[in-house]
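Letters A, B, ... are given to chains in the order of the sequence lines, protein chains preceding strands, and every chain is numbered from 1.
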2 protein chains.
Amino acid sequence: MQISDPTPAGHPALNERTQHLLKFLVERYIRDGQPVGSRTLSRDAGLDLSSATVRNVMADLEELGYLRAPHTSAGRVPTARGYRFFIDTLLRVKPLDPREIEVLRRRIDQPAQSGTELARSVSDLLSGVTRLAGIVMLPRRQTMTLRQVEFLPLSERRVLAILVLNGQEVQNRIIQTRRAYDAAELQRAANYLNAQFGGQDIQQVRKTLFEELRETRDHLDRLMQTVVEMAEQTFESTPESDDYVVAGQTHLMQYADLSDLDKLRQLFEAFNQKSDLLHLFDQCLHADGVQIFVGEESGCGVLEGCSVVTAPYSTGDQVLGVLGIIGPTRMAYDRVIPVVDVTARLLAEVLDGQRD
Amino acid sequence: MQISDPTPAGHPALNERTQHLLKFLVERYIRDGQPVGSRTLSRDAGLDLSSATVRNVMADLEELGYLRAPHTSAGRVPTARGYRFFIDTLLRVKPLDPREIEVLRRRIDQPAQSGTELARSVSDLLSGVTRLAGIVMLPRRQTMTLRQVEFLPLSERRVLAILVLNGQEVQNRIIQTRRAYDAAELQRAANYLNAQFGGQDIQQVRKTLFEELRETRDHLDRLMQTVVEMAEQTFESTPESDDYVVAGQTHLMQYADLSDLDKLRQLFEAFNQKSDLLHLFDQCLHADGVQIFVGEESGCGVLEGCSVVTAPYSTGDQVLGVLGIIGPTRMAYDRVIPVVDVTARLLAEVLDGQRD
DNA sequence: TCTTAGCACTCCTCACCTCAGAGTGCCAAT
DNA sequence: ATTGGCACTCTGAGGTGAGGAGTGCTAAGA
C-alpha cells in the first residue's frame, strides 16, 4: 500500500527519540482524546526520561508546529502538521486479518442491480466497519462506453430509451417525441445506433451525432430523422453528473470533537451539497493508492476537525472511482487506512469479475 | 382540508376565555420558544384580565393536562395534549397565497425520470419551504400494474429485464440465466408475457406465473421454458420494498428543542432505519387529508419532541403514497399544514397528468 | 552538553455561594 | 368571579476559592 501525501511539505529531521515521543503522544491522544502531558509520556512512553526532559522535547515540537497546548496547563495535542508527520513517517499500519478480508469480500460481492446500489452497499460497509461516514463515488460517466441502446414505445408520444453502458450500468430515459413512432421504426433506429456507435465512448457518440448529423438534417431519410430525434434526447441530457453515496453520517455525531452542533450541521449540508466533496474526491481519482487529508488540508472549510481517507478503485488500467471515509481527525488511522485500501481493491476485483 | 385526529380523545368543554388564553399561549410559545407567564398573557392576550386571574386559568389548564411548568417559576408550556387540542379546535389555518401555490406547482411539475427522482424533488421542496425535514413515501408497489416487459441480452448468461409499470415507473433487473439466449427467443418470451399479463396487477402476475406454470414445468415447450426462467427472476425479487425519501434533515439541527445530540442521532438513525417511519406512514395512507402526530402520539420513541404532518396523495380513486414533514413539536402548524396539504394535491395532479 | 530535580506560575475545573428576576400560589378584599 | 398583595420558589449569571494538572525556567549533576 502506498500512502501519498497530497500536500508534500518539508519536514525538518527529528532525532529518533523525538520521533518516538511524538508517535506515542499522537497515538495516546487518538486513544484517549485528552491532551497528553509530560508526566504521562515520561511514565508510559518507555524511554526512561524525566518529565522535565520530555517537556523540553515537547517545547521543541511545539516550536516546529507539530503540537500545540490548548492552554497553559493542559498537556499537548497534535496539530494538523503533527498528524501529517505522524501519518507520513511514524505510522505503522496493521495489515488486515485475512479472515476479515474474506468477510469484506463476501459483503461486497453481492449481486447488485445498479452502480448506485453497489455503491450504497459498499459505503454502508465502510461506515459499518470503521464507525465513520463512508463515501463511495460512483464510476465517472466520462469514461463510459455505449454498449447498447434500445427504444420502447410507452404511449403515443412517449418513448423509453434504455442505455446499457460498460456492460453493467443501465440507464433509463423517458423521451417526449414530436410524433408517434411504432415499434418497428424504433427498432430500426436502435439497430442503426448500435451498429454505428456500439462500443464507443459516450462523449464521442454525442459529439459525432450532434456535429455530423445536425448539419445534414434536412437531407435525411425517414429512418435517419427518427434516429436523430431519438438520439438527441437520449444523449443530450448530460447523463446525471458525477455523484456519490454517503452512509453512516450519524456516526459522526458521536465524536466529541465534532460536538459543535453548528459545525456538524455545516458538515452534513456539505454532504448534501456534494460539489465541494466531489471536487475533493476528483483530486484523488488518479492518486496511486490511499490518500489522506488532515483537517483543512483539503481546502474545504467545513472539514475542519475532520480527516478524509480515500482510495481510487479501478479495473485493469481504467480508474472507475474513489471511495473512502470521513471522520474526526482524531481517528484510528492504523485501522482505517487498511480498511479503505482493501475495500477499494475488493471492489475493483468484484467489478472486474462482473465484466465478462 | 380536513385534519383528522389519529388518537381521538375526549376533551372537556372549555369556556371561550380559557380557549382564547390557551390559543394565545400556544401561539406565543411557538413563536418565541419561551415558557409563557401570566403577566405576558394578561398584557398581550387582549382580554383585559389581571395576571392573577390568568394564573387561575393556567392552573386549571395545567390540572387538565394541557400545560405544564418546566419549574416553579417559569411560565407554562403546552403539553402534547395541549398541542392536540390546539390543533384540533383552536387552530385557524392560513390558506396559501395562490401565487405561492403556483410556485409550488411549477417546482413539482418538472419532467422526472423516475418515481424516486420525483419523490426526491418533492421532498426537497417540502423541506425548503417549511425549513423542516420533508418526507415523500414512494408509490406503494402493491398496486402496480404491469404495462410492459422487455428482455435485452447483455452477454452470454446475462439478460437485462425492463419492467414498465403504471406507465411511468421503469425498473431494471439484471438476470443471470442458466443458458445463453438469443435476442429472438427473448423477444418471443417478452411478447408472450406482454400479451398474457399486460395491464394486470403485478402481484397477480407473480401469483399466476408461479402457481400455474410451476406445476406444469416439465411439459413445457422451449418457448415456455424461456418464459418461466425469465419471469421467475424478473418478478420474484419482491420489487424493492416500500421506501421513502427524506430531505432537509439538517434543518432539524437548528431547533433548540432538539439540541440534545444523542436524541438527534437517534432520530437520524430512525430516518435511515426506515422501518418505524414506514409503519407510521402506512397508517396515514388511507387517512382522508392531513394528519398530525404530536410528540409520542406516533408511538415512536425517537419522535419525542417532534411532530409529523402527513397527507396522502392519490390519482383518481387510487391512493399512491404519503408525503409530509417532520419537525419539532414547536412548529408553525398554521403554515406547515396548508403546505403539506397543497403539495399532496399538486403531486396528485401532476401524476394524474402524466398518465396518458 | 545533555539531563534532571525543584519551584514558581498559570490556567482550568468544580463546587459553592449570592443575588436579581421572573413567575407562582394563595389569601383577603372588592 | 376578579383582583392586589405577598411570601415563596426556582433559575441563571456572576463571583470566589481550593485543588490539580501541567508548564517554563533555573541551577545542579553526569
Side-chain angles (χ1 to χ4, degrees), chain A residues 12-22 24-26 28-29 31-79 82 256-257 259-260, chain B residues 12-22 24-26 28-29 31-79 82 256-257 259-260:
Chain A
L14 297 181
N15 66 47
E16 198 165 333
R17 191 182 67 179
T18 309
Q19 293 197 14
H20 181 86
L21 283 172
L22 178 56
F24 191 88
L25 185 146
V26 175
R28 179 56 66 97
Y29 179 68
R31 200 190 75 183
D32 297 350
Q34 298 294 329
V36 184
S38 55
R39 250 183 71 83
T40 310
L41 287 185
S42 156
R43 184 168 18 88
D44 299 344
L47 283 186
D48 205 31
L49 291 173
S50 78
S51 64
T53 310
V54 173
R55 276 203 289 283
N56 290 328
V57 175
M58 287 167 92
D60 293 347
L61 286 170
E62 181 159 8
E63 186 83 9
L64 290 168
Y66 292 121
L67 299 180
R68 68 185 179 78
H71 57 82
T72 330
S73 78
R76 263 123 168 155
V77 160
T79 60
D257 318 42
S259 64
D260 181 352
Chain B
L14 297 181
N15 67 47
E16 198 166 333
R17 191 182 69 180
T18 309
Q19 293 199 12
H20 181 86
L21 284 172
L22 178 55
F24 191 89
L25 185 146
V26 175
R28 180 57 66 96
Y29 179 69
R31 200 190 74 184
D32 298 349
Q34 299 293 330
V36 183
S38 56
R39 250 182 70 83
T40 310
L41 286 185
S42 154
R43 186 168 15 88
D44 299 344
L47 282 187
D48 205 30
L49 292 173
S50 78
S51 64
T53 310
V54 172
R55 277 201 290 280
N56 291 327
V57 176
M58 289 167 91
D60 293 348
L61 286 169
E62 181 160 7
E63 186 84 8
L64 290 168
Y66 293 122
L67 300 181
R68 66 183 181 81
H71 57 85
T72 330
S73 79
R76 256 108 169 172
V77 161
T79 60
D257 320 41
S259 63
D260 180 351

Participant: How many angstroms lie between CG in N56(B) and OG1 in T18(B), if you round to the nearest 0.5 Å?
Facilitator: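 Those atoms lie 10.5 Å apart.
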
Participant: Going from CG on L61(A) to CG on L67(A), what distance comes out if it is rounded to the nearest 0.5 angstrom?
Facilitator: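 CG of L67(A) is found 5.0 Å from CG of L61(A).
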
Participant: Using nucleotides 20-22 of chain C, report all nitrogen or oxygen pairs with the protein that are shorter than 3.5 Å.
Facilitator:
{"unit_1": "dA22(C)", "atom_1": "N3", "unit_2": "S73(B)", "atom_2": "OG", "d": "3.4"}

Participant: When rounded to the nearest 0.5 angstrom, what is the spacing between CZ in R76(A) and CZ in R68(A)?
Facilitator: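 The CZ atom of R68(A) is 11.5 Å from CZ of R76(A), to the nearest 0.5 Å.
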
Participant: Does L49(A) reach the side chain of S42(A), with side-chain heavy atoms less than 4.5 Å apart?
Facilitator: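 No, their side chains stay 4.5 Å or more apart.
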
Participant: Which value, rounded to the nearest 0.5 Å, describes the distance between T40(B) atom OG1 and F24(B) atom CZ?
Facilitator: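 Nearest 0.5 Å value for the OG1-CZ distance: 8.5 Å.
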
Participant: Within the 4.0 Å limit for protein heavy atoms, which parts of nucleotides 25-30 of chain C are touched? Write it as a string from 5' to 3', B for base, S for sugar-phosphate only, - for none.
Facilitator: BB----

Participant: Looking at every non-hydrogen atom in both residues, tell me the closest pair between S38(A) and S51(A) and how far apart they are.
Facilitator: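 Taking every non-hydrogen atom into account, CB-O, 3.6 Å.
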
Participant: Test L41(B) against every option in L47(B), L25(B), V57(B) by the side-chain contact (heavy atoms from CB on, under 4.5 Å) rule and name the one that passes.
Facilitator: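 So the option named by the test is L25(B).
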
Participant: Would you compute the distance between atom CG of L64(A) and atom CG of L14(A) and round it to the nearest 0.5 angstrom?
Facilitator: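 Result: 6.5 Å between the selected atoms.
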
Participant: Taking atom C1' of dT4(C) as reference, at what distance in whole Å does atom CZ of R43(A) sit?
Facilitator: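 Result: 18 Å.
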
Participant: Say whether, by atom type as modelled, one donor and one acceptor occur between the side chain of H20(B) and the main chain of G46(B) under 3.5 angstrom.
Facilitator: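 No; zero donor-acceptor contacts below 3.5 Å.
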
Participant: Would you please name every residue forming a salt bridge (charged side-chain N to carboxylate O under 4.0 Å, His left out) with D44(B), sequence neighbours left out?
Facilitator: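 Salt bridge (charged side-chain N to carboxylate O under 4.0 Å, His left out) check on D44(B) returns R28(B).
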
Participant: How large an angle, rounded to 10°, do the end axes of the helix from dT1(C)-dA30(D) to dT30(C)-dA1(D) enclose when each is built from five base pairs?
Facilitator: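 Nearest ten degrees gives 20° for this helix.
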
Participant: Once you round it to whole Å, what is the distance between C1' of dT1(C) and CG of N15(A)?
Facilitator: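 Atom CG in N15(A) sits about 14 Å away from atom C1' in dT1(C).
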
Participant: Between L41(A) (CG) and dT3(C) (P), how many Å, whole number?
Facilitator: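 Rounded to the whole Å, the gap is 15 Å.
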
Participant: Return the OG1 to CG distance between T53(B) and L21(B), rounded to the nearest 0.5 Å.
Facilitator: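 Between atom OG1 of T53(B) and atom CG of L21(B) there are 9.5 Å.
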
Participant: Of T72(B) and D48(B), whose closest DNA chain D nucleotide lies nearer the 5' terminus?
Facilitator: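 The residue closer to the strand's 5' end, by nearest nucleotide, is D48(B).
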
Participant: How would you list, by chain and number, every residue that makes a side chain to side chain donor-acceptor pair (under 3.5 Å) with D48(B), sequence neighbours excluded?
Facilitator: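 For D48(B), no residue satisfies side chain to side chain donor-acceptor pair (under 3.5 Å) once neighbours in sequence are set aside.
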
Participant: Which is the 5'-most and which the 3'-most nucleotide of DNA chain D that has an atom under 4.0 Å from a heavy atom of chain B?
Facilitator: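 Nucleotide range in contact with chain B: dT2(D) to dT11(D).
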
Participant: For T79(B) and G65(B), indicate whether the former's side chain and the latter's backbone hold a donor-acceptor pair under 3.5 Å.
Facilitator: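 Yes; judged by distance alone, with no hydrogens or angles, the pair exists.
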
Participant: Rounding to an integer number of Å, can you tell me how far D60(B) CG sits from dT24(C) C1'?
Facilitator: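 Rounded to whole Å, this separation is 14 Å.
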
Participant: Tell me whether the OP1 or OP2 atom of dT4(C) has a side-chain N or O from S51(A) closer than 4.0 Å.
Facilitator: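 S51(A) to dT4(C) OP1/OP2: no side-chain N or O under 4.0 Å.
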
